[in-house]
Amino acid sequence: MTALPSWPPSQPASPERPIPRWTLRPRARGLLLLTLITGLAAMITGRSILYHLTYLLLALLILSFAWAWSAVRDLEIRRIPRSRRSAVGGFFEETLILQNTGFFPKIWLEVRDGSTLPGHRASFVLDNLGRGGKRLWTVRTRCRRRGLYRLGPLTLIGTDPFGLFEATLQLTETEEVLVYPPILPIRRLGLPPGFWRERESARQRTPEVTPNAGGVREYQPGDAFQRIHWPSTARRERLMVKEFDQEPAAEVWIVLDMMADVHVHRPIQDEEEWLAEKPRLPPLSTEEYAVALAASLAAYFLRHGRMVGILAYGSRRLLLPPHRGENQLERLLEGLALLRAHGEIPFHQALQSHALRIARGSILILITPSGDPRWAMTARSLVSQGMRVVAIVLETASFGGAETAPRVLPMLKNAGIPAAVIRAEEPFAFALERLSSAG
């Protein structure tokens, strides 16, 4: 069973056409007061010059109001994202196109963007947009935080040449962009020798057709016709045949502890500036480090042809059974992008509830900042059930919390479970290369 947060979101019904709103600027209030005074003076004195001045002021007010009203009408604006997916450290880019389809020119127009993507500045001010005129501008923003963000709504603000009235039109249409967690480089895992040995036969090819497709190779004389892989043949323009494994390779399960009570966050005086200086690092919280670790490990194992699944109880359950390939990586990243450490289920209970669903011989990568010894005891029981367990402990002391790793490392060492300790601002690769039998 697969449980994923909703992405892409359902498309809302077409919104109703927005109605412009207008406001008087201070100078318009003064001019309106002057018009009333001259009108009263004209009626009292009967002088024609005062009547002419009143008519002139009224005409100016009416013309300015009509011009401001038209300033935000007869406009077409489109925002064209280059992609609705990005990743932390990468760039999100979109182009906004504004066209005047009306008769009157737009003397001054401000476009305000209400997007929630951090650091995204799509607001713009332009002047003298003539009849049929078109302006476009491109906005490029480095993504600093994973998650689902809204693009829009856009607000158009226009005025008349005299600056007396201001008209506002809000375009309620919005789009969404998903920012994946960062995938940080992992060269190798320093696991003990023989950790993978039990199922090395899984990587041996067999001439027999089995349920376990292991890859493709060029056609050789004598290969059966039914083993031809037509999509690869069409793509490479030469005959390609499927290869099969003798038995399935060990599945890799990445299990994250997303219980709210165990995660900590180290506050920084100006976090946005810090993230801008270190765009490839996650924020200094155990939640973000756990998610970044899961994404990086998933990419590492999938790149090596492993079947990878994920399990986490956060804001909602994230459960993806193991599969191979780029599509699986995309599904994993989508789930991790929306995952939040708002869970209420302790880590040891999450492990116990899914232990029977995990195949014997599977590899479990446990990622947690918890110092609760109960999850280490559960990990030891999983080893006795024939599973191979690796523990990655986030040292909360480096994130501003209490020290946790020493409470569980001795138990992991006694059970022979390889373990690594991750500290804030420490590159993942170094710690994972030192991964050993908890010593």
Side-chain angles (χ1 to χ4, degrees), residues 8-28 60-87 90-145 147-179 272 276:
S10 57
Q11 296 296 324
S14 298
E16 297 181 358
R17 187 176 182 85
I19 300 174
R21 295 179 292 106
W22 60 274
T23 56
L24 280 76
R25 290 184 168 180
R27 67 179 66 179
L60 178 61
L61 287 169
I62 293 171
L63 177 63
S64 297
F65 177 79
W67 200 309
W69 186 266
S70 68
V72 294
R73 300 181 68 88
D74 301 319
L75 287 170
E76 289 184 359
I77 187 166
R78 291 181 295 155
R79 60 189 322 156
I80 307 173
R82 186 172 182 178
S83 173
R84 292 179 63 201
R85 289 172 172 82
S86 188
F91 287 93
F92 170 74
E93 185 176 306
E94 68 170 343
T95 300
L96 289 88
I97 302 175
L98 179 66
Q99 184 172 10
N100 179 13
T101 60
F103 179 80
F104 294 101
K106 313 301 180 184
I107 301 299
W108 182 90
L109 190 67
E110 180 182 359
V111 180
R112 291 182 186 172
D113 180 38
S115 298
T116 59
L117 180 64
H120 193 56
R121 306 280 192 273
S123 300
F124 191 75
V125 176
L126 57 87
D127 55 11
N128 194 24
L129 182 64
R131 178 183 179 184
K134 180 187 294 187
R135 297 284 177 86
L136 62 86
W137 62 100
T138 299
V139 184
R140 196 166 185 255
T141 303
R142 186 181 286 276
C143 298
R144 302 172 185 172
R145 296 178 182 271
L148 182 64
Y149 298 101
R150 186 190 70 238
L151 299 178
L154 292 170
T155 302
L156 305 179
I157 302 173
T159 187
D160 60 278
F162 306 101
L164 300 178
F165 297 92
E166 182 177 279
T168 303
L169 181 70
Q170 187 173 63
L171 307 176
T172 57
E173 296 91 341
T174 60
E175 297 184 49
E176 289 178 320
V177 57
L178 187 66
V179 179
E272 293 301 325

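Keep in mind that this is a model prediction, so the values were computed, not measured.
Residue Phe162 comes nearest to Arg27 through the heavy atom pair O-NH1, 3.0 Å, listed as atom of the first residue, atom of the second, then distance. Arg25 approaches Gly163 most closely through the heavy-atom pair CD-O, 3.1 Å. The minimum heavy-atom distance linking Arg131 with Gly102 is given by the pair CG-O, 3.2 Å. The minimum heavy-atom distance between Ile77 and Leu171, with the atom names listed, is CG2-CD1, 3.1 Å. Of all heavy-atom pairs between Glu94 and Pro81, the closest is CB-CA, 3.7 Å. The two residues Leu75 and Lys106 have their closest heavy-atom pair at CD2-CE, 3.9 Å.
Residues Ser115 and Tyr149 are not in side-chain contact: their nearest non-hydrogen atoms beyond the backbone lie 4.5 Å or more apart. The side-chain heavy atoms of Leu109 and Asn100, taken from C-beta on, include no pair separated by under 4.5 Å. Counting only heavy atoms from C-beta outward, the side chains of Ile157 and Glu166 approach each other to under 4.5 Å. At a threshold of 4.5 Å between non-hydrogen side-chain atoms, the residues Arg121 and Thr141 do not count as touching. Counting heavy atoms from C-beta outward, Thr155 and Gln170 have side chains that approach closer than 4.5 Å. Taking 4.5 Å as the limit, every side-chain heavy atom of Thr159 sits out of range of all side-chain heavy atoms of Ile107. Annotation: side chain of Asp113 is in contact with side chain of Ser123 (closest heavy-atom distance under 4.5 Å). Proximity of Asp160 to Trp69: side-chain heavy atoms (C-beta onward) are nowhere separated by under 4.5 Å.
Contact check on Glu110 versus Arg112 returns a salt bridge, with a Lys/Arg side-chain nitrogen under 4.0 Å from an Asp/Glu carboxylate oxygen.
Applying the side chain to side chain contact (heavy atoms under 4.5 Å, CB included) test between Glu176 and each of Leu151, Leu148, Leu117 identifies Leu148 as the sole match. Here the options are Leu98, Leu136, Ile97, the test is side chain to side chain contact (heavy atoms under 4.5 Å, CB included), and the partner is Arg78; only Ile97 passes.
Between the side chain of Thr138 and the main chain of Thr95, no donor-acceptor pair closer than 3.5 Å is present. The backbone N or O of Asp127 lies less than 3.5 Å from a partner atom in the side chain of Arg135, making a donor-acceptor pair.
Around the CZ atom of Arg21, the shell of radius 6.0 Å holds no more than 12 heavy atoms that belong to other residues, nucleotides or ligands.
Between the CZ atom in Phe92 and the CZ atom in Arg82 there is a gap of 11.5 Å [rounded to 0.5 Å].
The aromatic rings of Trp22 and Phe65 sit perpendicular, their planes meeting at an angle over 60°, well past the 30° parallel limit.
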